[in-house]
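Computed over heavy atoms, backbone and side chain alike; hydrogens, waters and symmetry mates excluded. Along the sequence shown, residues are numbered consecutively beginning with 1.
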Amino acid sequence: PGTAVALGFLESTRPTVAQAVDLLPAGEVTVVPLLLAEGYHTRTDLPLQLNPLHPSPLHLNPLHLNPLGRSRFDVAPALGPDPLLEAALARRVAEARIDGDGWHVVRASARTPVAQVADQVAAAREEGARRVAIAAYLLAPGRFHDGLLAAGADRVTEPLAGTPELLELVLQRAQSSRGAEVVPIR
């Protein structure tokens with residue numbers, strides 16, 4: 001309550017993260033990257049968007065930036081790995097009714113090519129699995145999730161967006177980056 005929030009994107013969509021920060025009132029800002037793991041986006045894309053004048057984005061530490069003249073500027077780490085993400089995935093598996101005997105579950109993340117996931121589904125069927133499901137370790141729907149839907153499984157879980165566990169994790173990241181007390185929302 002009382003906290004201004006703006007959504008920004010790293011690629012292909014507007015507003016950018018820097019444009020989203022500009023939409024917020026003056027003062028302290030905490031950027032919480034909605035990314036499942038540390039990687040190129042956290043090490044390069046995000047710092048470059050937040051401080052485009054820095055000559056060497058690969059060596060830029062986003063935790064110590066103060067772009068755009070803010071009184072305080074923090075960047076939280078990527079969301080994962082974290083037990084809350086695993087709990088969110090377990091929730092999605094349960095919601096898809098992938099339980100009991102006879103299910104072979106293939107876990108898929110954006111780091112796994114869809115063709116490889118489809119091969120795993122086919123291999124499970126060749127080994128005798130009666131029902132095959134894909135547990136989608138993704139934040140949101142999109143091209144990759146669409147590919148999983150076409151990978152030959154009987155069921156594919158929904159992405160993690162919208163789960164209470166994900167919301168709790170985002171709030172924890174925002175609060176801990178600011179040094180604030182972390183209060184579970186359950």
Using atom types as modelled and distance alone, determine if a side-chain donor or acceptor of [X] lies under 3.5 Å from a backbone N or O of [Y].
X    : Y    : value
H145 : T157 : yes
R173 : L79  : yes
E165 : L84  : no
Q49  : V17  : yes
R155 : A96  : yes
S176 : Q172 : yes

Heavy-atom pair with the smallest gap, counting every atom of [X] and [Y]:
X    : Y    : answer
E38  : T42  : OE1-OG1, 3.0 Å
A108 : V117 : CB-CG2, 3.7 Å
G80  : L85  : CA-CD1, 3.5 Å
P15  : A20  : CB-N, 4.2 Å
A110 : L138 : N-CD2, 3.6 Å
A136 : L89  : O-CD1, 3.6 Å

[atom2] on [Y] to [atom1] on [X], rounded to 0.5 Å:
X    : Y    : atom1 : atom2 : value
E158 : T163 : CD    : OG1   : 12.0 Å
R91  : E86  : CZ    : CD    : 14.0 Å
S109 : L148 : OG    : CG    : 9.5 Å
R143 : D146 : CZ    : CG    : 9.5 Å

Group every Ile, Leu, Val, Met, Phe, Trp and Tyr by side-chain heavy-atom contacts under 4.5 Å, then state whether [X] and [Y] land in the same group.
X    : Y    : answer
L10  : L24  : yes
F144 : L34  : no
L149 : I98  : no
Y137 : I134 : no
L36  : L169 : yes

State, yes or no, whether a side-chain contact exists between [X] and [Y] at a heavy-atom distance under 4.5 Å.
X    : Y    : result
R92  : L160 : yes
P33  : L46  : yes
D154 : W103 : yes

